[in-house]
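As structure tokens, the structure follows; a few thoughts come after it.
Worth knowing before you read on, the calculation uses all heavy atoms, side chains too, and leaves out hydrogens, waters and symmetry mates.
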Amino acid sequence: MSYVDDFGMTVSYGVGEGQELKNRTDVSTGAIHEIVTDIDYDRFGLPTVNSGTAFGRGIAKIPAGSIIDDAVLYIHSAAATPATTIDVGIAKKDGTVISADGLIPDATTSTGAKYDASATLMDASIGADDGYIVMTSAGNAAALKGLKGKLVVKFI
């Protein structure tokens, strides 16, 4: 089952992209859920933490206490400056960072690139607060023009 949430994100429960997860459960962990985030920098910018409690389009929520199972970032179209890097992490609703690059650190924005999850948040609880997927770039925002991709995060 999948649906598009208030932020325009496709949220899938049970069936993963290209992988059958419907019956995958474990006595200690439960069912795996998946969030797929489309990245189109020219239209929406990167999913980023806003000040206060308001979040913009592209912010996907992971419920409190969830355990990150996997994350993969695919770059479909390069940024204007392909050597520009982005970090994918998780923050609380109030903007407090749980981990700035705990999902995927230092992803170079080159066409055809694929980045697998880092070890920082893998197999660990995100904590007592809901987590929101955020991306940051140390580079110039203009350097991200043309960037398109997809982020897939699986959690229990």
Side-chain angles (χ1 to χ4, degrees), residues 1-24 26 29 31-50 55-63 66-92 95 97-126 130-156:
M1 179 181 124
S2 66
Y3 65 92
V4 177
D5 71 9
D6 295 340
F7 300 114
M9 307 297 299
T10 300
V11 179
S12 299
Y13 290 94
V15 179
E17 193 169 284
Q19 187 177 38
E20 179 59 50
L21 297 175
K22 184 176 181 180
N23 297 318
R24 182 174 173 187
D26 180 288
T29 58
I32 293 181
H33 307 288
E34 179 179 85
I35 293 176
V36 179
T37 304
D38 289 318
I39 301 160
D40 186 341
Y41 186 80
D42 295 346
R43 292 180 66 198
F44 307 114
L46 292 176
T48 57
V49 176
N50 294 335
F55 282 84
R57 180 178 173 83
I59 302 297
K61 180 175 89 169
I62 298 173
S66 295
I67 297 170
I68 303 297
D69 184 60
D70 193 18
V72 180
L73 175 66
Y74 302 93
I75 304 296
H76 298 307
S77 298
T81 307
T84 301
T85 61
I86 56 176
D87 293 320
V88 182
I90 297 179
K92 296 178 185 178
V97 174
I98 294 171
S99 178
D101 61 359
L103 291 176
I104 299 174
D106 303 323
T108 302
T109 57
S110 302
T111 297
K114 176 187 173 210
Y115 295 91
D116 293 315
S118 76
T120 307
L121 288 175
M122 294 309 100
D123 300 322
S125 172
I126 66 166
D130 291 339
Y132 294 83
I133 295 173
V134 295
M135 296 182 183
T136 54
S137 175
N140 178 337
L144 294 172
K145 187 175 175 81
L147 176 66
K148 291 185 181 180
K150 185 176 294 267
L151 173 69
V152 180
V153 179
K154 295 177 184 174
F155 60 93
I156 301 168

Taking only distance into account, with no hydrogens and no angle test, what donor-acceptor pairs under 3.5 Å do side-chain atoms of residues 79-88 form with protein atoms, sequence neighbours excluded?
| from | atom 1 | to | atom 2 | distance (Å) |
| --- | --- | --- | --- | --- |
| T84 | OG1 | T81 | O | 2.8 |
| D87 | OD1 | D106 | N | 2.6 |

From I126 CD1 over to I67 CD1, what is the distance, rounded to the nearest 0.5 angstrom? 10.0 Å
Identify the heavy atoms of H76 and T111 that sit nearest to each other, and give their distance. O-CG2, 3.4 Å
Kindly indicate whether the side chain of L73, heavy atoms from C-beta on, has any atom under 4.5 Å from the side chain of L103. no
So does K145 get a backbone contact from the side chain of D42, meaning a donor-acceptor N/O pair under 3.5 Å? no
Smallest separation among heavy atoms of I32 and K154, with atom names: CG2-CB, 4.0 Å
Which pair of heavy atoms, one from K150 and one from I39, lies closest together, and at what distance? N-CD1, 4.2 Å
Report yes or no: does S77 contribute a side-chain atom to a donor-acceptor pair with the main-chain N or O of G146 at less than 3.5 Å? no
Can you see which heavy atom on S99 is nearest to which on T120, and at what distance? OG-CG2, 3.9 Å
A117 and D70: which non-hydrogen atoms are nearest, and at how many Å? CB-OD1, 4.1 Å
List the steps, then state whether side chain to side chain contact (heavy atoms under 4.5 Å, CB included) holds for V153 with T37. CA-CA 8 Å; V153 179; T37 304; over 6 Å; no
Taking all atoms of both residues into account, what is the closest heavy-atom pair of Y74 and V152, and its distance? CE1-CG2, 4.3 Å
So CG of D130 and NZ of K92: to nearest 0.5 Å the spacing works out to 11.0 Å
First locate atom CG of D101, then atom OG1 of T136, and finally report the distance between them rounded to the nearest 0.5 Å. 7.5 Å
Spatial distance of atom CZ (F155) from atom CD1 (I68) [nearest 0.5 Å]: 7.5 Å
Taking C-beta and beyond as the side chain, do T108 and I75 meet within less than 4.5 Å on heavy atoms? no
Please report the interatomic distance CD1(I62) to CD1(I133), rounded to the nearest 0.5 Å. 4.5 Å
